[in-house]
Amino acid sequence: MEIAFQAIGIEVPNESAFNKLAVDVSRRGEAFLLRRNDGVLHGRCLRFGKGLEVWTMLYESRPGEVVYADCRPAFRARNTQRVSPWILTELAEEGAAVIQGYIENSEIEVIFELQNLTEVGTRAIQTTALDVGLCGLAYRAEVFEGPGETVWKSYDELAVNVIQKENDWSVSGRILALESIRNTHSGKDLFWFCVEVGELKLEIMVNQQALTGNRISVGSWITADIWLQGHVAVERGARRGYEGIDRTLRASDYWGALKRPN
């Protein structure tokens with residue numbers, strides 16, 4: 001997991017740095033909670049801008065015992081995929097929620113860590129289809145001119161001697177869009193890619209230091225090893241990120257808020 005942090009520009013060289021980051025996120029992050037039958041799951045999200053986030057999870061049992069569960073990197077994808085059918089596996093005491101499903105009307109399987117379960121709550125996911133923003137945080141990536149072979153395989157399927165996690169994937173596809181991003185908190189330079197992997201349009205974040213290969217451009221190909229994570233898209237999240245005029249309000253509503261009684 002420490003390697004995945006590098007994809008969003010945060011260095012976690014040792015356990016002390018990891019714990020310091022977790023404490024900082026727990027103190028300054030936006031708070032969410034989700035009640036379970038035997039306790040409460042507390043989520044904290046610290047946003048660094050441009051979609052870069054770090055999440056921590058704390059599990060509080062009914063007797064009031066608080067157990068540190070998890071701290072993990074995140075990127076809130078710009079685009080959404082519809083996943084149907086799907087199943088959710090939740091390990092509350094470990095702060096983990098994993099979704100396994102298929103991109104709707106395709107045979108493309110996805111297994112990913114759900115970042116914002118405490119933010120959206122269980123009601124938002126009580127549907128047969130989910131709109132999910134997916135982004136792979138790259139351990140390493142290479143750009144080449146192409147054309148290349150489209151690849152979308154889990155590490156379990158490849159049976160390679162790497163970190164064995166079901167939401168780790170090997171991916172290869174054509175670059176549709178790209179953007180250079182700087183993590184203003186750490187000063188690290190990153191790349192955001194939108195990659196065509198067959199019927200899947202996947203976003204990938206990679207630290208520029210972990211990127212090798214030829215000149216980067218739209219139409220080039222990229223191969224990467226990624227940790228797949230995602231967020232369920234909800235109306236509340238969309239409204240929070242909106243920065244334009246709210247057409248649902250009348251001009252008189254703004255003035256009404258400023259009136260004082262005589």
Side-chain angles (χ1 to χ4, degrees), residues 1-8 10 12 15 17-19 21-26 29-47 51-63 65-77 81 83 85-102 109-127 130-139 154-157 162-169 202-203 205 225-234 237:
M1 182 60 68
E2 287 79 2
I3 300 176
F5 275 105
Q6 295 177 9
I8 66 167
I10 295 179
V12 186
E15 184 176 356
F18 181 86
N19 292 335
L21 175 63
V23 169
D24 186 37
V25 175
S26 296
E30 185 176 1
F32 306 96
L33 65 84
L34 183 63
R35 299 190 183 279
R36 312 322 267 144
N37 291 334
D38 53 354
V40 178
L41 188 61
H42 298 270
R44 298 289 189 275
C45 178
L46 184 57
R47 309 173 199 273
L52 304 172
E53 302 174 348
V54 175
W55 281 83
T56 61
M57 293 291 169
L58 295 174
Y59 179 76
E60 181 182 1
S61 65
R62 279 192 176 276
E65 180 184 4
V66 177
V67 179
Y68 164 74
D70 196 13
C71 178
R72 54 183 183 255
F75 180 80
R76 198 167 293 243
Q81 315 278 342
V83 178
W86 60 273
I87 59 173
L88 170 70
T89 302
E90 182 190 351
L91 299 173
E93 294 187 9
E94 298 179 13
V98 176
I99 287 181
Q100 178 178 2
Y102 287 85
E109 183 183 23
V110 291
I111 305 173
F112 63 94
E113 183 99 17
L114 177 60
Q115 301 282 23
N116 65 333
L117 178 63
T118 53
E119 178 187 30
V120 300
T122 52
R123 287 187 178 181
I125 59 175
Q126 291 176 352
T127 60
L130 292 177
D131 290 321
V132 179
L134 294 175
C135 181
L137 306 186
Y139 303 130
S154 68
Y155 278 2
D156 288 341
E157 184 179 354
V162 292
I163 303 171
Q164 293 296 319
K165 287 190 175 181
E166 58 187 2
N167 48 331
D168 282 346
W169 297 80
L202 180 69
E203 298 180 34
M205 285 295 303
D225 293 330
I226 64 169
W227 178 67
L228 189 62
Q229 52 87 67
H231 299 70
V232 170
V234 291

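The analysis underlying the following values was restricted to heavy atoms, covering all of them including side chains, and did not include hydrogens, waters or symmetry mates.
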**OP:** Give the C-alpha distance, both sets of side-chain angles, the deciding distance and a yes or no for side-chain contact (heavy atoms from CB on, under 4.5 Å) between Ile111 and Val98.
**Re:** CA-CA 7 Å; Ile111 305 173; Val98 176; 3.7 Å; yes

With distance as the sole test, does [X] use its side chain to make a donor-acceptor pair with the main-chain N or O of [Y] at under 3.5 Å?
X	Y	result
Gln6	Tyr139	no
Glu53	Arg72	no
Asn116	Val232	yes
Glu109	Gln100	no

Looking at every non-hydrogen atom in both residues, tell me the closest pair between [X] and [Y] and how far apart they are.
X	Y	value
Phe75	Met205	CG-CG, 3.6 Å
Arg47	Arg76	NH1-NH2, 3.3 Å
Gly43	Thr118	CA-OG1, 3.7 Å
Phe32	Cys45	CE1-CB, 4.2 Å
Ala17	Val12	C-CG1, 4.2 Å
Ala74	Ile8	O-CG2, 3.8 Å

Within a strict 4.5 Å, meaning less than it, do heavy atoms of the [X] and [Y] side chains meet?
X	Y	result
Val25	Trp55	no
Trp86	Val132	no
Ile10	Leu52	no
Leu130	Ile125	yes
Glu90	Leu41	yes
Leu202	Ile226	yes
Asp70	Tyr59	no

Among residues at least two apart in sequence or on other chains, which ones pass side chain to side chain contact (heavy atoms under 4.5 Å, CB included) with [X]?
X	answer
Thr89	none
Asp24	Arg28, Leu46
Arg35	Leu33, Val40

**OP:** For the residue pair Phe5 and Phe18, categorise the inter-ring angle as parallel (less than 30°), tilted (30 to 60°) or perpendicular (more than 60°).
**Re:** perpendicular

Roughly how far apart are [X] [atom1] and [Y] [atom2], rounded to 0.5 Å?
X	Y	atom1	atom2	answer
Leu114	Asn167	CG	CG	11.5 Å
Glu113	Leu137	CD	CG	10.5 Å
Glu30	Arg44	CD	CZ	10.0 Å

